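Every chain is numbered from 1, with letters handed out A, B, ... down the list of sequences. Since the model is a prediction, treat every value here as computed from it, not as a measurement.
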There are 2 protein chains.
Amino acid sequence: MAYEKTDMNNRKTKKRNDLIKAAIKTFAQKGFHGTKISDIAKKAKVADGTVYLYFENKDDLLIKCFEEMLADLMQKADEKLSTIEDPLAKVLTFIDLHIDYCEKNPDAAKLIIIELRQSPEFYKKYPNFWPVRNYLNYLNKLCTDAIEAGRIRNVNPELLTTIIFGSLDFSITSWLLSKSVINLKSIKEGVADILHKGLEKEANNEK
Amino acid sequence: MAYEKTDMNNRKTKKRNDLIKAAIKTFAQKGFHGTKISDIAKKAKVADGTVYLYFENKDDLLIKCFEEMLADLMQKADEKLSTIEDPLAKVLTFIDLHIDYCEKNPDAAKLIIIELRQSPEFYKKYPNFWPVRNYLNYLNKLCTDAIEAGRIRNVNPELLTTIIFGSLDFSITSWLLSKSVINLKSIKEGVADILHKGLEKEANNEK
DNA sequence: ATATATTATGAGTCATGATTCACAAAGTAA
DNA sequence: TTACTTTGTGAATCATGACTCATAATATAT
């Protein structure tokens, strides 16, 4: 009775991807509230109503955009980091990767950075969903490993995670708002440098 | 002809302040787009139309809220920092002050943090206005002084400013979204600790 | 007390844009 | 080709909320 779904599924999947791409681009450009569903539909070359065949509503679409993007980012990190042994090097490489990704995908970067923070109201509607949480957990794991291996001095890993992410996040925000003031390469080196020096285990004390 | 305006001015000033306070509270709670002018009016106990006697429109009101708040924050910083000599101590004290202020004024903190980043569209409408810029300049000055005095090693001051602000900003964001995970005191100490160690001029090298 | 200037009111206007739904097109099986 | 299922369309609906404006209240001056 059920007929061959493969083609259909491919078609649907492709259209879904088109929609996500269009949505990311538009959200990045105009912000969440500045974006009309019809903008996204037009960019994806479908009718307005079609959007609702693939996503519950506008909120859902935003959330799905995040999920796709962060999943992509973490998958890329997995690949790269699996070739590295030293836990401290993993943390530093992660910093590089994050910045590189934002540089290569400025729309994604804008989405992460500008729309990351919806109002508390927004998140109240979706209590278990804070888009970055998965990503922070990933970084947290790297930090914890490096601390346990004694490659970073014994600081609170959650706090360290927060500081690293916050530094990157705001650096990239500044970069996006005024490309000229600061360049990404120096951000990459500078953040790593300061954090590294702030973190390396000293020859003498503690733990 | 012009009659005694003093009382009127006081009354107007007071009402303006009431409106700003109500707006900060409401924006903090519901976000910019989630806030209705009528919400603010109700909280300030005035009619909707009254809001427009004091502010151009909703955007203008948001901007004025920032201005008030950051001015307040910097004034407090001026007072405190003027009693301190050592430029490095100034930077570290500034970190303390920022966190203390956010702890004591969580509504203000939310406004700074959550509404800091309107969409690029928003800022395109007001090209010369990026609310944090003044504040970053203030911090930048402190960093530059500390570097020039040789109390911090020779890093790019703009980058350092960005990293400090980013760390604080995101730490406080996390704190606001999930009070339990991390506490502000440890954030304060941790950020200062890591940055301090990452920044102190080493006995040996450079500059 | 009266005239005038200032400030406040809130119901009504009006544009906007998310979402729906009756209908159309395209795909699949026989 | 025919019957049926899935997918797509976009005009119409409908709620929302920023902003206006005719009117009222309050303050000041003389």
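Between B:H33 and B:F27, a ring centre-to-centre spacing not shorter than 6.0 Å is recorded.
Between A:F170 and B:L136 there is a side-chain heavy-atom pair separated by less than 4.5 Å.
Annotation: cation-pi pair A:K64/A:F55 absent, no NZ/CZ under 6.0 Å from the ring centroid and within 45° of its normal.
Side chain to side chain, A:D72 and A:Y101 meet the donor-acceptor criterion of an N or O pair below 3.5 Å.
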**OP:** Summarise how protein sits on nucleotides 11-18 of chain D as a single string, 5' to 3': B when a protein heavy atom is under 4.0 Å from the base, S for sugar-phosphate-only contact, - for no contact.
**Re:** ------SS
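Residue contacts shown for A:F55 are absent, as no nucleic acid heavy atom lies under 4.0 Å away. In this structure, A:V51 reaches neither bases nor backbone, as no heavy-atom distance under 4.0 Å exists between it and the strands shown.
Between A:K15 and D:dG8 there is a side-chain polar atom (N or O) within less than 4.0 angstrom of OP1 or OP2.
Taking atom CG on A:D39 and atom C1' on C:dT16, their separation rounds to 12 Å, with Å as the unit. As rounded to whole Å, 18 Å separates atom P of C:dT19 from atom OH of A:Y54. Rounded to a whole Å, the CG atom of B:L53 is 14 Å from the P atom of D:dC19. In this entry the distance linking NZ of A:K14 with C1' of D:dG8 reads 15 Å, nearest Å. Here the P atom of nucleotide C:dG17 and the CG atom of A:L61 are 16 Å apart, to the nearest Å.
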Original post:
Given B:F165 and B:L160, is the side-chain contact (heavy atoms from CB on, under 4.5 Å) satisfied, shown in steps?
Top reply: CA-CA 8 Å; B:F165 186 84; B:L160 175 56; over 6 Å; no
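For the pair B:N156 (side chain) and B:L159 (backbone), a donor-acceptor distance under 3.5 Å is present.
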